[in-house]
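The first residue of the sequence shown is numbered 1, and numbering continues consecutively from there. Below, each value reflects all heavy atoms present in this structure, side chains not excepted, and no hydrogens, waters or symmetry copies.
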Amino acid sequence: MVQGNNHVCIVGAGPAGVILSILLARQGIPVTLLEAQSDFNREFRGDTLHASSLDILAQMGFAESILRLCHARIEKFQFSSATYRITMADFFLLKTPFPYVALIPQEKFLNFLVNEADKLSSFHRIMNAKVHDLITTNGKITGVIYIKDGLKHEVNACLTVGADGRGSHVREQAELRLIKTMPPMDVIWFKLPKENCSHTGNATGGRFGVGTMLAMLDRDHEWQLGFVILKGTYKTLREMGIKNFHDELLKLAPELNTSLQYLKDWSQCSILSVVTGRVECWYKPGLLLVGDAAHVMSPVGGIGINYAIHDAVATANILTRPLLSGSIKEKDLAEVQKRRERPVRFIQAIQSIMQKQIISCALKSGQQFKLPVLVRFLAGFTVVQRIMAYMLAYGLHPESVEYP
Ligand SMILES: Cc1cc2nc3c(=O)[nH]c(=O)nc-3n(C[C@H](O)[C@H](O)[C@H](O)COP(=O)(O)OP(=O)(O)OC[C@H]3O[C@@H](n4cnc5c(N)ncnc54)[C@H](O)[C@@H]3O)c2cc1C
């Protein structure tokens with residue numbers, strides 16, 4: 001195992017943990033990455049990589065290979081129904097080498113990245129390693145205890161990074177309080193095999209019906225679908241039976257007709273309680289939270305992976321020098337929060353407006369939902385579509401890799 005007085009222990013091999021591991025290990029900083037699962041095939045994973053993340057992957061020398069894993073490119077985010085289609089964001093208008101959102105199954109994306117990380121001599125990855133506790137020495141966090149194959153193991157580190165996602169155990173153990181907000185919706189999340197469909201990102205987006213909404217993600221050979229419901233209404237929907245659910249889905253997406261034969265039972269669906277939030281303080285002596293562990297992102301806009309990647313880059317940019325000199329201080333960790341908190345708050349505010357003003361109104365409406373007049377009016381302007389695309393793709397203060 002890699003060790004040293006500047007050893008970093010990263011908990012969680014999601015986008016934040018893996019990118020941070022690579023950036024630090026490339027500078028010769030010893031990194032141990034602990035991942036609770038044995039692989040990257042997860043139920044609740046997003047697939048969308050925006051232009052600013054593709055820029056970062058290009059700076060790391062990975063963009064070309066990663067784009068080979070991409071099976072669809074979305075050029076526009078649109079809201080549509082049986083009678084209208086409105087473009088909210090047009091990525092093709094952006095002046096960037098990547099004027100689209102790349103759809104890449106996260107399993108393939110993470111497998112590619114960990115394979116690259118495994119080539120680095122100062123990187124060590126342990127799968128099936130569930131972090132259980134933090135080790136504290138004289139008021140400073142100095143490592144973790146993890147469980148693998150029923151046995152407890154220790155990793156000692158000068159810095160522990162909690163990149164363990166929305167339900168972060170590290171955050172809980174460190175008693176860093178998450179201020180939660182509960183958007184007014186839940187999502188029924190399920191997959192269907194694709195039948196007779198071309199591989200384009202055009203079908204990806206949000207569709208409105210009468211008091212219903214469906215988010216569709218084109219995942220190469222299958223659809224990832226999110227049927228959005230008002231919080232607390234899942235039980236009623238279930239009681240109405242799977243046949244009624246098929247009918248609701250067909251009204252929103254007739255092209256699912258042949259695929260729906262594979263949705264036989266509610267056990268094929270998971271219910272995702274949508275939560276968003278932020279911790280007040282992202283760090284403690286010896287510990288930093290990044291990605292969803294520091295700020296739980298709503299699925300709206302498909303930007304969570306991007307914020308996780310940008311957190312990782314900001315962390316590497318700010319901490320590489322102190323880690324190399326072997327003297328990491330609390331003020332360095334504070335610098336990471338200072339850098340990333342404003343972009344996160346800004347995008348969460350935009351997500352909150354969309355959740356309340358559009359999604360919630362659509363679900364409460366007893367008739368075919370129409371976007372507010374002002375939204376429809378503004379969405380007609382190319383400049384607005386461009387600004388929205390920029391905000392989703394780049395947000396405030398996009399990061400660039402300083403130590404490629
Ligand atoms: C249903 C749903 C759909 C979404 N769709 C999109 C989308 O389309 N696009 C998008 O950009 N974002 C989407 N998001 C958000 C996105 O998935 C997250 O914002 C992003 O994955 C956060 O990355 P992360 O690296 O911080 O954490 P995660 O990706 O959550 O990774 C955390 C890792 O830590 C591991 N872990 C957890 N606990 C421990 C432990 N105790 N010990 C060791 N390891 C542990 C987990 O197994 C996991 O691999 C979606 C979220 C949900 C819930």
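With respect to Glu335 and Arg339, no salt bridge is recorded, no charged nitrogen being found less than 4.0 Å from a carboxylate O. Remark: Lys251 does not engage Asp247 in a salt bridge, criterion side-chain N to carboxylate O under 4.0 Å. One finds a salt bridge joining Arg207 and Glu255 here, because a Lys/Arg side-chain nitrogen approaches an Asp/Glu carboxylate oxygen to under 4.0 Å. Using a cut-off of 4.0 Å between Lys/Arg side-chain N and Asp/Glu carboxylate O, Asp90 and Arg386 are scored as not salt-bridged. Between Glu35 and Lys130, no side-chain nitrogen of the basic residue sits less than 4.0 Å from a carboxylate oxygen of the acidic one, so the salt-bridge criterion is not met. Under the 4.0 Å criterion applied to side-chain N and carboxylate O atoms, Lys119 and Glu116 are assigned as salt-bridge partners. Taking the charged nitrogens against the carboxylate oxygens, Glu341 and Arg345 do have a contact shorter than 4.0 Å, which makes a salt bridge. Using a 4.0 Å cut-off between charged side-chain N and carboxylate O, Lys284 and Glu175 make no salt bridge.
Donor-acceptor pairing under 3.5 Å is recorded for the side chains of Thr87 and Gln78. Donor-acceptor pairing under 3.5 Å is recorded for the side chains of Ser298 and Gln355. Judged by distance alone, the side chains of Asn306 and Ser53 do bring a donor and an acceptor atom under 3.5 Å apart. In this structure, a donor-acceptor pair under 3.5 Å is absent between the side chains of Asp133 and Tyr146. No hydrogens or angles considered: nothing links the side chains of Arg340 and His310 as a donor-acceptor pair under 3.5 Å.
Crowding of Glu64 atom CD: a count of heavy atoms from other residues, nucleotides or ligands under 6.0 Å not exceeding 12.
Nearest heavy-atom pair across Leu237 and Ile229 is CD2-CG2, 4.4 Å. In this structure, Ala63 and Phe98 approach most closely via the heavy-atom pair CB-CZ, 4.2 Å.
The main-chain N or O of Pro322 is never found under 3.5 Å from a side-chain atom of Lys329 such that the two would form a donor-acceptor pair. Judged purely by atom type and a 3.5 angstrom limit, Glu399 has no side-chain atom pairing as donor or acceptor with the backbone of Ile309. Under the 3.5 Å distance criterion, the side-chain polar atoms of Asn6 are matched with a main-chain donor or acceptor of Leu323.
Checking Phe227, Phe245, Trp223 one by one against Phe190, the ring pair (Phe, Tyr, Trp, His ring centres under 6.0 Å) holds for a single residue, Phe245. When the options Val8, Thr160, Asp311, Leu319 are evaluated for a side-chain contact (heavy atoms from CB on, under 4.5 Å) with Leu288, the one that passes is Leu319. The side-chain contact (heavy atoms from CB on, under 4.5 Å) test with Leu225 is passed by exactly one of Leu252, Leu256, Leu263: Leu256.
For Arg321, the side-chain hydrogen bond (donor to acceptor under 3.5 Å, both in side chains) partners at least two apart in sequence or on another chain are Tyr403.
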